[in-house]
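Worksheet: the structure to be examined is printed underneath.
Naming convention: chains lettered A, B, ... in sequence-line order (proteins, then strands); numbering from 1 in each chain.
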Protein chains: 2
Amino acid sequence: MGTRAVYVTKPREQIAGLLRAEPRFFSAAEIHRRLDEHEHKVSLSTVYRTLEHLRERGEVTERADDAGEATYKMCAPTHHHHHAICRACGRVEDVDCSTMEQLAESLRSVHGFELDEHKMEFTGRCRACR
Amino acid sequence: MGTRAVYVTKPREQIAGLLRAEPRFFSAAEIHRRLDEHEHKVSLSTVYRTLEHLRERGEVTERADDAGEATYKMCAPTHHHHHAICRACGRVEDVDCSTMEQLAESLRSVHGFELDEHKMEFTGRCRACR
DNA sequence: ATCAGTGCAAACCATTTGCAAATTA
DNA sequence: TAATTTGCAAATGGTTTGCACTGAT
């Protein structure tokens, strides 16, 4: 009981399909435009609602790009990992957690990724709030 | 030539003063509200313009909070470092770059910070785009 | 037939901008 | 006085929402 039915619809298939096809972050507007071009008109609201839907189910990761705009990417809910984003083509490499040096090295050797910037943020409780 | 004069004004002093007083991220709206409460009315546009001004000069760091809203914090342009943000009080600890293990340990011992989440992002060129 | 999903237009809300008035140098 | 900054109100732009309609089960 209480389990809400989920319908399989064309808009959802189109959006999921598009995301599945390319391992990078897309903005809602970008997805909307792409579907338009391919004769698969879907309203922007539906794009947003579908992305939210996928996010809730853990199938999609959300991230704010440099301009603060929300972007989404298919991201299999495997182990905890981080992202290496190519600033040229947008391709995303999954990077697992180890030490920073290992990461930098692994980015180069394993992913062939030439690192030029990184950003980290930690959240928790400070001394005073523990 | 080309060097633009910078005026010292009350709004700027108020805003910089408020940021200097607390080492945490404030949204523009929050700053605006605080100044209002303290009988130092400043328009929201001026708050935004001043924050942008401070950011350009490197005196302030910008970051999007969980809701995607822009927040700002005084941040002396010293060496490259990262942030540990207390999810209870918002206090920010500066953390310098070393290995992850050192970081986790240093967060605990040096900063007394109980870590429960972290986020990293790498940017560069992927194999195909180098 | 029923319940979930869609489209559209309007609402929202953070942020930006044009311009005339006020302030600083 | 000349240049910069401010306030206000209007514009912007991404995202959300209400609601009647369409589509899936």
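Map B:Tyr48 and A:Val42 each onto its nearest nucleotide of DNA chain C; the residue landing nearer the 5' end is A:Val42. Between A:Gly68 and B:Thr46, the residue whose closest nucleotide on DNA chain D is further toward the 5' end is B:Thr46. In terms of position along DNA chain C, the nucleotide closest to B:Ala70 lies nearer the 5' end than the nucleotide closest to the other residue of the pair B:Ala70 and B:Val8.
Residue B:Arg12 is in sugar-phosphate contact alone, with no base atom involved, counting any heavy-atom pair closer than 4.0 Å across all strands shown. A:Ser45 comes within contact range of at least one nucleobase, with a heavy-atom separation under 4.0 Å. Among the atoms of the strands shown, none is found under 4.0 Å from any heavy atom of A:Ala29.
A donor-acceptor pair under 3.5 Å links the side-chain atoms of A:Arg12 to the main chain of A:Tyr7, judged by distance alone.
Taking every side-chain heavy atom of A:Tyr7 into account, D:dA24 is the closest of D:dT15, D:dG18, D:dA24.
Between B:Arg34 and B:Glu22, some side-chain heavy-atom pair lies under the 4.5 Å cut-off. Using a 4.5 Å heavy-atom cutoff, the side chains of B:Glu52 and B:Arg49 are not in contact.
The distance from atom CZ of A:Arg49 to atom P of D:dT22 is 16 Å, rounded to the nearest whole Å. Rounding to whole angstrom units, CZ of residue A:Arg4 and P of D:dA24 are separated by 17 Å. Per the geometry, CD belonging to A:Glu52 stands 13 Å off C1' belonging to D:dT17, to the nearest Å. Residue A:Leu44 contributes atom CG, which lies 8 Å from atom P of D:dT15 at whole-angstrom precision. A straight line from CD of A:Glu69 to P of D:dG13 spans 11 Å, rounded to a whole angstrom. Going from atom CZ of A:Arg55 over to atom P of D:dT15 covers 13 Å, rounded to whole Å.
Each of B:Thr71, B:Val47, B:Ile15, B:Leu19 was compared with B:Phe26 under the side-chain contact (heavy atoms from CB on, under 4.5 Å) criterion, and only B:Leu19 meets it.
A:Glu59 has no carboxylate O lying under 4.0 Å from a charged side-chain N of A:Lys73, or vice versa, which leaves the two without a salt bridge.
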Determine, step by step, whether A:Glu13 and A:Val8 satisfy the side-chain contact (heavy atoms from CB on, under 4.5 Å) criterion, reporting the C-alpha distance in whole Å, the side-chain angles of both residues, the deciding distance to 0.1 Å, and the verdict.
CA-CA 7 Å; A:Glu13 287 177 334; A:Val8 175; 3.3 Å; yes
Before giving the answer on side-chain contact (heavy atoms from CB on, under 4.5 Å), spell out for B:Gln14 and B:Leu18 the whole-Å C-alpha distance, their side-chain angles and the decisive distance to 0.1 Å.
CA-CA 6 Å; B:Gln14 303 296 341; B:Leu18 197 163; over 6 Å; no
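Along DNA chain C, read 5' to 3', the first and last nucleotides having any atom under 4.0 Å from a heavy atom of chain A are C:dC3 to C:dA9.
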